Every structure is written in C-alpha cells, then in structure tokens.
Amino acid sequence: MTRLLIIGPPGSGKGTQAEQLAGHFGIPAVSTGEIFRNNVSSRTELGIEAAQYLDGGDFVPDHLTNALVKDRLQDEDVHAGFLLDGYPRTAPQAAELDNFLASQGRSLDAVIELQAPDAELEQRMLHRAQKEGRRDDTVDVFRRRLDLYHRETHEVVSLYADRGLLVSVNGSGDPGQITAQAIAAVERFINGRGERS
Ligand code: ADP
C-alpha cells in the first residue's frame with residue numbers, strides 16, 4: 001500500500017520517472033497533465049475547456065482539476081495505492097487532496113521532489129519539442145510554466161517539507177540512475193518511518 005506524489009518543474013522528467021516508479025512499486029501513475037492532454041485530443045467537454053489553459057502554460061482552474069482527481073481516485077485500481085504526477089500544484093489543491101484522503105482514512109506516504117536547474121530544464125524542453133511536438137513546449141509557454149512552478153508549486157513543496165514527507169532527488173543525469181536513486185531514497189524513507197513509529 002503506497003501512496004506517493006511526484007513534484008518537479010516542467011522538463012524535470014517527472015512523467016518519465018513517474019512511469020518507472022509506478023512500475024517498481026506496482027501502483028498506477030495518475031498524471032493530471034496526461035489526462036488533460038488526452039481530453040484535449042479527444043475533444044471532450046473537459047478537453048475543450050482545458051485546452052486554452054494548457055496552450056498558454058496556465059494552470060487549469062482548481063475546481064476542474066480537483067473534480068478530475070477526486071473522480072480518478074475513486075477508481076478501483078487506485079485503492080491499493082497510487083503515484084500522483086502533476087497534482088497538487090497549488091496550495092488549495094493540496095488542501096483538497098488532504099481532505100479527500102482524510103475522508104477515506106488515507107494519507108500520503110512520501111512526496112518525491114525532482115530537482116534540476118532552470119537552464120537545464122529549458123534545454124531539455126527544446127529537445128523534447130523536436131521529438132514529441134507537445135503543444136505547450138514553446139519557449140514562451142515553457143517560461144510561463146516554469147514561472148508558475150516557482151510562484152505557486154514551490155509553496156506546495158514547502159508544505160510537504162514542513163510535514164516531513166519530502167524526499168528530494170537530483171533530477172540531472174542518466175534517467176535510469178535517477179530512477180534507481182529515487183527508488184532507494186523512497187524505500188529508505190518509508191522504512192525509516194516504520195522504524196521510528
Ligand atoms: P509539465 O510539468 O511539463 O508542465 P504536465 O504534463 O504535468 O507538464 O502538465 C501540463 C499542463 O497541464 C500544465 O501546464 C497545466 O496546464 C495542466 N495541469 C496539469 N496538472 C495540473 C494541475 N494540478 N493543476 C492545474 N493545471 C494542471
């Protein structure tokens with residue numbers, strides 16, 4: 001039973017690491033960015049509404065995002081655990097998640113923060129733009145996303161740090177090694193908590 005979050009700036013490799021970590025821990029990765037992108041490409045009502053925010057690098061409004069996550073976290077496959085990727089990104093989202101989990105008698109085990117310097121993030125995004133062609137991978141939109149990360153999501157990171165849940169991992173270097181370091185750090189953290197309690 002493992003409930004994890006992964007938080008990191010745009011271009012930090014959060015999505016890639018989320019997939020690997022979820023595989024290792026045997027839990028589903030739930031990526032809000034991916035759910036939004038899928039809705040945009042299949043032109044659902046949510047997708048049509050969300051597209052304007054994604055394209056500008058802005059956050060989708062909290063009420064839409066919270067509803068989406070609450071809905072997803074009631075599915076059968078996430079009962080035994082999950083890895084949330086890209087949520088919460090704002091303090092109100094974090095509060096909403098707390099309330100929701102508490103109402104079900106659940107709580108988070110650890111929050112993984114993937115760190116990388118801004119200059120490297122921009123380089124990686126430019127590289128990804130050529131390979132994947134994501135609509136929000138342009139320099140201006142990327143800078144907006146990075147700016148929002150520093151202004152809003154950093155607060156969420158501090159909140160989990162204050163609660164003693166944060167496991168910071170260096171996101172620079174070989175992706176496979178980063179995965180191995182993240183797994184080791186999370187396992188150390190979870191086992192260490194077990195010993196203390
Ligand atoms: P990145 O971390 O590279 O920005 P994501 O795939 O996590 O990529 O998110 C892509 C976009 O999806 C965000 O820029 C935002 O518009 C939207 N989004 C994803 N998660 C959230 C969230 N928790 N709250 C608001 N908007 C979100």
Side-chain angles (χ1 to χ4, degrees), residues 2-97 99-101 103-104 106 108 111-112 114 121-122 124-149 152-153 156 171 175 179:
T2 317
R3 295 191 190 93
L4 303 172
L5 297 186
I6 185 161
I7 304 187
S12 60
K14 188 167 57 69
T16 308
Q17 295 301 329
E19 288 299 327
Q20 299 300 319
L21 293 169
H24 174 85
F25 288 103
I27 49 180
V30 174
S31 157
T32 44
E34 193 182 306
I35 298 174
F36 285 133
R37 280 190 292 280
N38 289 341
N39 276 275
V40 171
S41 44
S42 49
R43 296 179 179 278
T44 64
E45 212 172 302
L46 173 70
I48 291 165
E49 172 126 32
Q52 53 183 313
Y53 302 105
L54 265 79
D55 289 350
D58 291 313
F59 290 157
V60 176
D62 283 346
H63 71 275
L64 285 177
T65 310
N66 287 331
L68 172 103
V69 172
K70 271 200 249 181
D71 199 50
R72 178 68 184 90
L73 290 186
Q74 291 183 57
D75 289 344
E76 193 62 40
D77 66 324
V78 294
H79 271 204
F82 54 77
L83 170 57
L84 268 177
D85 158 13
Y87 180 93
R89 262 176 157 91
T90 64
Q93 287 181 9
E96 188 82 11
L97 178 64
N99 290 337
F100 177 73
L101 291 177
S103 75
Q104 302 194 322
R106 301 192 256 178
L108 296 170
V111 174
I112 304 155
L114 208 53
L121 297 171
E122 189 164 317
R124 291 194 199 172
M125 179 281 302
L126 291 170
H127 185 72
R128 181 170 74 184
Q130 289 173 341
K131 282 203 315 194
E132 294 178 19
R134 235 174 78 169
R135 302 149 62 109
D136 56 353
D137 276 346
T138 65
V139 173
D140 286 347
V141 173
F142 174 82
R143 289 190 179 148
R144 170 83 186 135
R145 281 153 57 206
L146 190 57
D147 180 51
L148 272 181
Y149 183 82
E152 305 247 5
T153 310
V156 176
T179 305

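Values reported hereafter were calculated over all heavy atoms of this structure, with side chains retained and with hydrogens, waters and symmetry mates removed. Source: prediction; values computed, not measured.
The backbone N or O of A67 sits nowhere less than 3.5 Å from a side-chain atom of D71 that would complete a donor-acceptor pair. Here the side chain of T153 pairs a donor or acceptor atom with the backbone of R89 at under 3.5 angstrom. E152 places no side-chain N or O within donor-acceptor distance of the main-chain N or O of A91, the cut-off being under 3.5 Å. Between the side chain of E34 and the backbone N or O of V30, no donor-acceptor pair lies under 3.5 Å.
Note that the CG atom of N39 and the CZ atom of R43 stand 12.5 Å from one another [nearest 0.5 Å]. Between the NZ atom of K70 and the CG atom of L101 there is a distance of 11.0 Å, given to the nearest 0.5 Å. Within the model, atoms CG of L83 and CD of Q20 stand 11.5 Å from one another, a figure rounded to the nearest 0.5 Å. Separation of atoms CG (L46) and CD1 (I35) is listed at 9.0 Å; rounding is to 0.5 Å. Annotation: the span from Q17 atom CD to H24 atom NE2 amounts to 12.5 Å, rounded to 0.5 Å. The CG atom of L4 sits 4.5 Å away from atom CD1 of I27, with the distance rounded to the nearest 0.5 Å.
Of all heavy-atom pairs between Y53 and F59, the closest is CD2-O, 3.6 Å. Between L5 and Y87, the shortest heavy-atom contact is CD2-O, 3.6 Å. T32 and V69 make their closest contact through CG2-CG2, 3.5 Å (heavy atoms, listed as atom of the first residue, atom of the second, distance). The shortest heavy-atom contact between V78 and P28 is CG1-CG, 3.9 Å. Considering every non-hydrogen atom in both G13 and R124, the closest pair reads N-NH1, 4.0 Å. Of all non-hydrogen atoms in G57 and L148, the two that sit nearest each other are O-CD1, 3.5 Å.
F36 places a side-chain heavy atom less than 4.5 Å from the side chain of T65. Looking at L64 and E49, their side chains come closer than 4.5 Å, going by heavy atoms from C-beta outward. Using a 4.5 Å cut-off on side-chain heavy atoms (C-beta onward), M125 and R134 make no contact. Within the 4.5 Å cutoff, the side chain of E96 has no heavy atoms near those of the D62 side chain. Between K14 and I7 the shortest side-chain heavy-atom distance does not fall below 4.5 Å. Contact check for D58 versus R144: side-chain heavy atoms found under the 4.5 Å cut-off.
Heavy atoms of other residues, nucleotides or ligands lying less than 6.0 angstrom from NE2 of H127 number 12 at most.
Evaluation of the salt bridge (Lys or Arg N to Asp or Glu O under 4.0 Å) rule for D77 yields R72 as partners, not counting sequence neighbours. Residues forming a side chain to side chain contact (heavy atoms under 4.5 Å, CB included) with V141 (at least two apart in sequence, or on another chain): D136, T138, R145.
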Item to check | V156 and Y149: CA distance, side-chain angles, deciding distance, side chain to side chain contact (heavy atoms under 4.5 Å, CB included) verdict | outcome: CA-CA 10 Å; V156 176; Y149 183 82; over 6 Å; no
Checklist entry - Can you check side chain to side chain contact (heavy atoms under 4.5 Å, CB included) on L97 and L84, steps first, answer last? => result CA-CA 11 Å; L97 178 64; L84 268 177; 4.0 Å; yes
Next on the checklist: Does R135 form a side chain to side chain contact (heavy atoms under 4.5 Å, CB included) with V40? I'd like the steps, not just the answer.
Outcome noted: CA-CA 11 Å; R135 302 149 62 109; V40 171; 4.0 Å; yes
Next on the checklist: Could you go through V139 and L126, starting from their C-alpha distance and side-chain angles, then the distance that decides it, and tell me whether this counts as side chain to side chain contact (heavy atoms under 4.5 Å, CB included)?
Outcome noted: CA-CA 8 Å; V139 173; L126 291 170; 3.7 Å; yes
